[in-house]
Amino acid sequence: MWKVTTFTIGLLAALEVSLAGVGARQEPSPERVRQPSADGKLNIIAFGAHPDDCDQGAGGVATLYAALGHRVRFVSVTNGDAGHQTEGGGALAARRRAESHEAGRRVGVDYVVLDNHDGQLLPTVEVREQIIRQIRLWNADLVLAPRPNDYHPDHRYTGVLVQDAAYMVVVPNLTSDTPALRKNPVFMYFQDRFQSPQPFRPDVAVSLDQVIDKKIDMLDAHVSQMYEWLPWVDGILDKVPKDPATRKQWLKQTRAVAPTPAVRAALVKWYGAQQGNAVKYAEAFQICEYGAQPDESMIRKLFPMLPK
Ligand SMILES: [Zn+2]
């Protein structure tokens with residue numbers, strides 16, 4: 001079943017090429033690549049290594065974007081087929097694909113799961129091309145990804161793969177089955193806790209106070225992870241409530257955490273002292289040095305949920 005996505009991407013790429021017209025394969029018309037953003041709506045794409053990673057890093061802002069009519073796609077670079085203590089392989093991948101689609105449906109986010117094995121991701125040219133196609137097909141204004149210094153090799157290499165794609169998305173001779181973008185998107189990283197070689201720097205912080213329950217609802221769709229695999233890894237499987245409503249409350253208690261001091265400072269910068277100090281839940285992002293470099297007014301355009 002998970003082969004369908006690869007096929008669908010190929011089909012979409014072919015469709016895009018045919019829409020661009022015969023002979024336009026290497027030289028997509030500027031209208032075609034600019035048109036999706038011409039309606040004033042943003043195209044946001046986030047990459048995670050596993051089918052619940054984007055949800056944790058950007059599920060809140062994605063909910064806010066979707067509510068404002070912007071287009072958000074989450075891409076899991078692996079199919080998650082290793083993330084369980086008693087299940088695995090194709091059956092687990094199919095289960096996690098269904099969970100991802102349900103998570104996306106709950107908040108209005110498009111969810112794609114690529115068919116790469118969980119736990120074995122490498123920054124190859126083949127996977128880089130998959131990332132390049134995704135960014136191009138989405139005509140992304142903003143690309144979100146993990147930093148490449150995470151504890152999990154799949155997370156690290158997802159960060160590297162997106163960095164490796166950051167310039168190549170505008171080079172028509174590379175991955176030429178999918179027309180190149182004419183403008184480089186802005187790339188940003190999800191928040192993390194890792195300190196080496198340097199700690200995460202929250203350049204932008206967004207209040208989730210209006211949507212925290214929607215974000216938890218999104219995470220709640222990943223039953224195999226939130227209530228089975230992750231508690232098993234942490235040795236707290238016996239602490240997970242059995243009743244669905246009670247376990248969702250437990251999920252909120254354990255997953256919705258207060259902003260760090262650095263994120264608090266960023267909230268004060270973007271919301272002002274009074275509002276910024278009152279925020280209970282947030283997501284923060286660090287600008288990647290590759291891709292377009294946004295100034296403050298560009299950041300406000302890319303994050304329209306920030307106060308004017
Ligand atoms: Zn992960």
Side-chain angles (χ1 to χ4, degrees), residues 2 5 45-62 72-104 107 109 111-124 127-128 130-131 134 143-165 187-195 200 215-216 218-237 240 251 254-257 283-286 288:
W2 63 93
T5 299
I45 192 164
F47 292 89
H50 307 114
D52 57 323
D53 291 357
C54 291
D55 315 45
Q56 303 200 51
V61 290
V72 185
R73 170 170 282 181
F74 280 1
V75 179
S76 176
V77 182
T78 79
N79 59 21
D81 61 357
H84 204 275
Q85 67 276 31
T86 57
E87 301 173 18
L92 179 59
R95 184 182 180 198
R96 297 193 66 182
R97 179 178 305 279
E99 289 174 346
S100 300
H101 290 160
E102 172 60 15
V107 301
V109 166
Y111 220 120
V112 169
V113 181
L114 300 178
D115 191 26
N116 300 300
H117 286 302
D118 186 351
Q120 299 177 28
L121 188 66
L122 288 172
T124 62
V127 185
R128 185 198 301 168
Q130 296 173 10
I131 307 279
Q134 288 292 328
V143 181
L144 303 173
R147 293 198 304 158
N149 58 328
D150 192 284
Y151 77 102
H152 195 303
D154 289 352
H155 298 178
R156 276 202 298 279
Y157 294 136
T158 297
V160 170
L161 284 156
V162 175
Q163 286 184 340
D164 289 354
F187 291 75
M188 291 194 186
Y189 300 117
F190 304 130
Q191 186 181 351
D192 63 59
R193 64 180 187 277
F194 302 101
Q195 301 296 308
F200 171 81
K215 177 172 181 176
I216 297 302
M218 187 179 207
L219 292 173
D220 171 73
H222 296 280
V223 173
S224 71
Q225 305 302 296
M226 297 301 137
Y227 305 124
E228 298 173 18
W229 169 238
L230 296 173
W232 184 85
V233 171
D234 291 340
I236 56 165
L237 194 55
V240 180
L251 190 65
T254 53
R255 291 274 157 187
V257 295
E283 278 167 359
F285 304 93
Q286 174 179 327
C288 169

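The first residue of the sequence shown is numbered 1, and numbering continues consecutively from there. Counting starts at 1 for both ligands and their atoms, following the listed order.
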Taking the side chain from R73 and the backbone from Q134, do they hold a donor-acceptor pair closer than 3.5 Å? no
Report yes or no: does D192 contribute a side-chain atom to a donor-acceptor pair with the main-chain N or O of F194 at less than 3.5 Å? yes
Please list, chain by chain and in numerical order, all residues satisfying salt bridge (Lys or Arg N to Asp or Glu O under 4.0 Å) with R128, sequence neighbours excluded. none
Under-2.8 Å protein N/O/S neighbours of the Zn ion (ligand 1), ordered by chain then residue number: H50 ND1, D53 OD1, D53 OD2, H155 NE2
Start with the C-alpha distance between D52 and H222, add both sets of side-chain angles, then the distance that settles side chain to side chain donor-acceptor pair (under 3.5 Å), and finish with yes or no. CA-CA 7 Å; D52 57 323; H222 296 280; 5.4 Å; no
Between S224 and E99, is the side chain to side chain donor-acceptor pair (under 3.5 Å) condition met? List the steps. CA-CA 8 Å; S224 71; E99 289 174 346; 2.8 Å; yes
Look at the aromatic rings of Y151 and H155 and report parallel, tilted or perpendicular, splitting at 30° and 60°. perpendicular
